[in-house]
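By convention in this document, chain letters (A, B, ...) are assigned in the order of the sequence lines, proteins followed by strands, and residues within each chain are numbered from 1. All values below come from the heavy atoms of this structure, side chains included, with hydrogens, waters and symmetry mates left out.
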Amino acid sequence: MDTLTAATRPKADSGEFIYAFLDAYDFPKATLTQIRNGGQRNVASRKDEGHVALKKWLYYMPVRQGESIHEALQVLADEDEPARHKCRFLVVTDFREMTALDTKTDERLEVGFGELATQYLFFAPMAGLERTKHFEEASADLKAAAKMGRLFDRLKEVNEFSTPEQLHALNVFLTRLLFCYFAEDTGIFPKNAFTKVITEASGENGEDLPDLLTQLFRVMNQPEDERPADLAAHVAQFPYVNGGLFRDDLPVPEIRGTGRRMMIECGRLAWEAVNPDIFGSMFQAVVDEESRDSMGQHYTSVPNIMKVIRPLFLDKLYAELHKDRGNRKKLEALLERLSHIKVFDPAMGSGNFLIIAYKELRRLEMSVFRAMQDVGEQKQNELFMSGIRLSQFYGIEIDDFAYEVAQLSLWLAEHQMNMLFAKEFGHAEPLLPLKDAAQLVAGNSLQLNWLDVCWNGEGQEVYICGNPPFHGTAGRNVEQARDMKRVFGKKALGYLDYVACWFQKGTDYLQPGGEAAFVSTNSLCQGQQVATLWPGILNSGIEISFAYQTFPWSNSAQSNAGVHVVIIGLSTHPTQKRLYQRVSGEWRMKIVKNISPYLVEGGNTIVSSRNRSLVPALPMVRGNQPTDGGNLILSESEKDQLLDREQRLVPWIKPLIGAQEFLKGDCRWCLWLVGAPEEVLNIPEVRSRLDAVRALRIKAGHAAALQGAKRPHQFLQVAQPEEGSYILVPAFTSERRPYVPLGFMESDVISNNKNYIIPDGGLYEFSVLSSIMHLDWMRLVCGRLESRYGYSSRIVYNTFPWPEVSERDRQEIEKLGRAIILARAAHPDKTMTQLYDPDKMPDNLLETHQALDRAVEKLYRDRPFRDTAERQEYLLARYEALIEAEKASKPSRTKKSRNAVTKEG
DNA sequence: TATCCGACAAGTT
DNA sequence: AACTTGTCGGATA
C-alpha cells in the first residue's frame, strides 16, 4: 500500500504508476519486469498507448488529461478485448482521477488519484482477497436486524400493540433506538454513551428503563440552552437532535429485565459496520409480520439501484462535469444545478433508492469540488460546502415503520457522506441538530396526488425512481384492485400487474417534463399486458428512454423472490435511447433509434390478442381444464388397480397428456366420462371420486365451478375433438431449447389445459408452427413465466401472420414436416426433452429443422433473414399490413383500432 | 365461455 | 442448496 501512496503523489512519474500499482497488489516482480520490457504477459493490443492487460485480472488504460475518464471507461467496458481476456477490473486514469469497474460485481470506483490508497480494498481480489466487504456488511445488517427483531418480539410479549396509535408509537420507539445505536458508534454521540447509560442508570429488572428513556428522548429534543440547569450529567451529555425524530412525546413501552438485556446486547453490535443502504429493508422485514418469512426478499440491491439511477441521471451529470472541467463558472453552475435536482421515489419502502441517489449525488458533487480545485483561481480561504440537501429527496411509503426507517436512514447516509467529505476537504457540517429532513409522506401512493408530494413544473429537474410492488391478478387484495381501477379510470385492466399503476401515474406526473425509471416485473412488456398498458403511455407523448431487458431478480436475502424483472426509463423528450441487453452474462448498452414496448429495438407496434386468426387458419383451442383436485386423474398404478376391479371402466379411462407427459414421456390417465351411463357413474370408486370433485367445485365457489359441480363426471371445461387427430402445443416450455417441440395426438388421448390444440391440424400447420419464423414471432409477443415461453392461442397463434403459399410449396413444406417426424422416430428411446436438449439435439433432427426453417422463410421472401430481430421486424410489418387490410375490409368494426398501432418516426 | 397468468412451485441434480 | 422447467385452477373479458 505504501508503494501505492508513493506512486500517486502529485509529482510521481505517471508512466511508473501501473508498476507500482501492480506491485502493491503483490504481482510477482517477474511479471512486472516482463510487462515493462514489452513482453507477452501484457496481452493488450494497444501496448503503444500505454495499455496494460493482464489475463483474468486487469485492463489498464491511461488517458490524456482533458479526456473523460468516465467516457473512456464506458467505451472500454463495451469493447470486446477486456472480455476476451476475462479482465475482471477495468481501470482508467488521467493521473488526476481514477475510475474503475469491477466487472464481476458491477461496482464502480471513482477516486481522486491521490486518494487511491484509501480505496485499496476495491482491488483486493487481485491480491487473492475476495472482497468480502459486502458480504460482511450484509451479515452485519442481518445480525443487527435479527437482534432487533428479537427485541421487537419481546416488546410485543409484554405490551399491547393493537391500535394504529400504539403501533406507530412502537415504530417510532424502535427508530429512535436505532438512531441512538448508530449515533453512539459513529461519533454523533459520545462513544457508547447510550448503551452505557442504560447499563449504569437503570435497574436490572428494567422497570425504571422506560422513564429513563423518556427522559433521554425529551432531552434530545431540547436545545442545550433551553435545558434545565440541574440536569444530571449522564442525561445532559446527549446533544440536541431535533429533525422531528424526537419531537413527539410518545409513550415508551414496557421493557422489563429481558428487554433491557436485549437492548444492551444490541448496543454491543458493531453498528458502524451496518450499512444504512439496505439495513432498513432488512429490519423492516423483521418487523413486518407478513413478510418475516420472506425477510428482505423485495429490497432492491445496490447494483440494481445503480442500474436505475445511472441511466436516469447520474451518467449524464458526470458527462456534464467532464464537459465543464476547467471552466469555473460552468462548474459553479453545475453545483447550483445539483442543489436543485429532485429525486422522488413514490414507493420508497425504507428508502434504498433515495439513500443511494443521495450518496451518489454527494460523490458527484465532491468530484465537482475537485475539478474546481484543479482550475485553481480558488478564492482566499474558500471553503467548499455541500449544497445538496436531504430536502431534495421525496418519497411516499404506505408502511408506517418503513417510512420512519427511511427518514432515519437518510440522516445516517447524510452523516456518512459528511464524514467522507471531511476526510477530503477537511471539514464537515455537524449532523446535529438535524436540520432539514427528506420530504417523505406516509400514505398510499396510488391515492395521493404526486404533485402535492413533490412539485413538478416549469424549470424543475425531477427524477422519479423506485421499485414498486408487483401483484398479478390473483395476488392483490381488494383495496389494491380498487386503487388500480381508480388509477386507470374506466379502462379494462385485463391481466395488468399492480405495478403498472406507477407507470400510469408517472406518465401523468411527467407531462410538464422530467424522467422516471422503475424496476418492474417483466410481464408488463409481454403478452396481454403490452396492449393494455402501453398505448396509453405512448399516446400521451411519453417514450421509453432506456431499458434493461429481462433478468432474474436477486438480492442478498436468503431466499429470493421468484420473478424476472426489467428496468424501464420514461421521458417526454429522451435525448438518447439506451437499450441494455445481456450478452453471455454481461450487460451491453446499445444506443438505438427506438425501444419498443417489448423492450427490443424497433417501432412501437403493439400486437393485441384476437379471438380469431388474423388470416384464415384452423382454430386453436386450449386443452381440457379438469378443476378436479386430481380426482379424475389416475396414475398408471391407480388405473391398473381400478381396471382390475372394474372391467366396465375400460372404455371410460383414457390417456391424459399435459405438457409434462408430452415432453418428458410421463404417463397419466383420466376418467373421461362424457356420455357415460348411470351404471358406470355409480361404481363406488367412481362415485366417491365424483363426490370429491363436486365438493371441490362447490368450495371454489365461482360461477363456472358451481356450474361444473352439477356435472362432476366431466372436466370443468371440455374441448376435446371427438375424432381424428390434433396438433399439440405445450403451453409452457423452456426457453433454452432451440425449437419448441410440437406433436400429433389422436383424439382419444385427452389433453389437459397445459397444452393448446389444433383439432384436425395437418402437416402444413405443424411445419410452419415448428419453424423459426413462428418461433421468433412467439418470442416477440408471447407471455412468459419468468422467462419460459407461455404459448397462447389469442396472442401468439391468432396474431401470427401466416405466409401465402402455393400448392406446390405447401407440399414441399409438408414433406419437410414429415421429415421431422421421421427424424424424431429415428430415436425411439428419446423423449422430446432429450431430442430438443440444447446441448444434445441429434444432428439429423437439427438439420431437418434447419432445412424446414429455410423453406418456411422462403415462403415469406427469397432473401434469407439475418437474425431473430430481422424476422421479427418483417413479421411485424406483415402483421400491420394485415391489420390495415382487415380494417379496410370491415369499416364498421373499426372499434378494434384501440390496438393503437402507432408507427415510430 | 375461453383463456393467460403467476415478487411461483415442485421437481431433479 | 442450486438449478431446471412446467402444475393448477382462478380471475378476467
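A distance of about 15 Å separates the C1' atoms of B/dC4 and B/dC8, rounded to the whole Å. Only the C1' atoms considered, B/dA7 is 25 Å distant from C/dA13, to the nearest whole Å.
To the nearest 0.5 angstrom, A/Q549 atom CD is 4.5 Å from A/Q581 atom CD.
B/dT3 atom P lies 9 Å from atom CD of A/Q717, rounded to whole Å. Between A/Y797 atom OH and B/dC4 atom C1' the separation is 18 Å, expressed in whole Å. Atom C1' of nucleotide C/dT5 and atom CZ of A/R737 are separated by 7 Å, given to the nearest angstrom. The nearest whole Å value for the distance from the CZ atom in A/F662 to the P atom in C/dT7 is 12 Å. Whole-Å rounding puts the A/H564 NE2 to C/dT4 C1' distance at 11 Å. When the C1' atom of C/dG6 is taken as reference, atom OH of A/Y756 falls 14 Å away, rounded to whole Å. Atom CG in A/N752 sits roughly 14 Å away from atom C1' in B/dT3 (whole-Å rounding). Whole-Å rounding puts the A/L716 CG to B/dA2 C1' distance at 11 Å.
When the side-chain contact (heavy atoms from CB on, under 4.5 Å) test is applied to A/S445, the partners found at least two apart in sequence or on another chain are A/P346, A/I396, A/W450, A/W502. Legend: residues meeting salt bridge (charged side-chain N to carboxylate O under 4.0 Å, His left out) with A/D691, ordered by chain and number and at least two apart, are A/R694. Every residue meeting the side-chain contact (heavy atoms from CB on, under 4.5 Å) condition with A/L716, not counting sequence neighbours, appears here in chain and number order: A/Q625, A/T627, A/R697. Annotation: ring pair (Phe, Tyr, Trp, His ring centres under 6.0 Å) contacts of A/F551 (sequence neighbours excluded): A/W587. With sequence neighbours left out, A/R582 forms a salt bridge (charged side-chain N to carboxylate O under 4.0 Å, His left out) with no residue at all. Partners of A/D776 by salt bridge (charged side-chain N to carboxylate O under 4.0 Å, His left out), not counting sequence neighbours, listed by chain and number: A/R779, A/R871. Among residues two or more places apart in sequence or in another chain, the ring pair (Phe, Tyr, Trp, His ring centres under 6.0 Å) test is passed with A/H849 by A/Y739, A/Y836.
Taking 4.5 Å as the limit, some side-chain heavy atom of A/L690 sits within range of a side-chain heavy atom of A/L673. Two residues are said to be in side-chain contact when any heavy atoms from C-beta on lie closer than 4.5 Å; A/N752 and A/R668 meet this criterion.
Minimum heavy-atom separation, A/F488 to A/L496: CZ-CD2, 3.6 Å.
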Would you please test A/D497 and A/T521 for side-chain hydrogen bond (donor to acceptor under 3.5 Å, both in side chains) and show each step? CA-CA 8 Å; A/D497 194 283; A/T521 165; 5.0 Å; no

Using a cutoff of under 3.5 Å, can you pull out all pairs of nitrogen or oxygen atoms linking the protein to nucleotides 10-13 of chain B, with atom names and distances?
none

Could I get a table of every N or O pair under 3.5 Å where one atom is in the protein and the other is in nucleotides 5-8 of chain B?
{"unit_1": "B/dC5", "atom_1": "OP1", "unit_2": "A/Q528", "atom_2": "N", "d": "2.9"}
{"unit_1": "B/dG6", "atom_1": "OP1", "unit_2": "A/S523", "atom_2": "OG", "d": "2.8"}
{"unit_1": "B/dG6", "atom_1": "OP2", "unit_2": "A/R784", "atom_2": "O", "d": "3.1"}
{"unit_1": "B/dA7", "atom_1": "OP2", "unit_2": "A/G472", "atom_2": "N", "d": "3.0"}
{"unit_1": "B/dA7", "atom_1": "N7", "unit_2": "A/F470", "atom_2": "N", "d": "2.9"}
{"unit_1": "B/dA7", "atom_1": "N6", "unit_2": "A/N467", "atom_2": "OD1", "d": "2.8"}
{"unit_1": "B/dA7", "atom_1": "N6", "unit_2": "A/P468", "atom_2": "O", "d": "2.9"}
{"unit_1": "B/dC8", "atom_1": "OP2", "unit_2": "A/G562", "atom_2": "N", "d": "2.6"}
{"unit_1": "B/dC8", "atom_1": "N4", "unit_2": "A/E786", "atom_2": "OE1", "d": "2.7"}
{"unit_1": "B/dC8", "atom_1": "N4", "unit_2": "A/E786", "atom_2": "OE2", "d": "3.1"}

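Between A/R794 and the phosphate of B/dA2, there is no side-chain N or O to OP1/OP2 separation shorter than 4.0 Å. The phosphate of C/dG6 has neither OP1 nor OP2 within less than 4.0 Å of any side-chain N or O from A/R736. Distances shorter than 4.0 Å separate some side-chain N or O of A/S734 from OP1 or OP2 on C/dT5.
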Check residues 721-736 of chain A and write down every donor-acceptor pair under 3.5 Å in which the side-chain atom is one partner and the other belongs to a residue at least two apart or another chain.
{"unit_1": "A/Y726", "atom_1": "OH", "unit_2": "A/V749", "atom_2": "O", "d": "2.7"}
{"unit_1": "A/S734", "atom_1": "OG", "unit_2": "A/R736", "atom_2": "N", "d": "3.1"}
{"unit_1": "A/E735", "atom_1": "OE1", "unit_2": "A/R788", "atom_2": "NE", "d": "3.0"}

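Shown for residues 696-711 of chain A: residues whose heavy atoms fall under 4.0 angstrom of DNA chain B, namely A/A704.
Nearest to the side-chain atoms of A/S793 among the listed nucleotides B/dT3, C/dG6, C/dA13 stands B/dT3.
If you check every strand for non-hydrogen atoms under 4.0 Å, A/T733 touches sugar and phosphate atoms only. Counting non-hydrogen atoms under 4.0 angstrom, A/L663 reaches the backbone sugars and phosphates but no base.
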What dot-bracket string describes DNA chain B from 5' to 3', counting Watson-Crick and G-U wobble pairs whose defining distances are under 3.5 Å, with [ ] for crossing pairs and | for pairs to another strand? ||||||.||||||

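Of the candidates A/Y789, A/Y797, A/F800, A/F800 is the only one forming a ring pair (Phe, Tyr, Trp, His ring centres under 6.0 Å) with A/H774.
The residues A/E638 and A/R689 are annotated as salt-bridged, a charged nitrogen and a carboxylate oxygen being separated by less than 4.0 angstrom.
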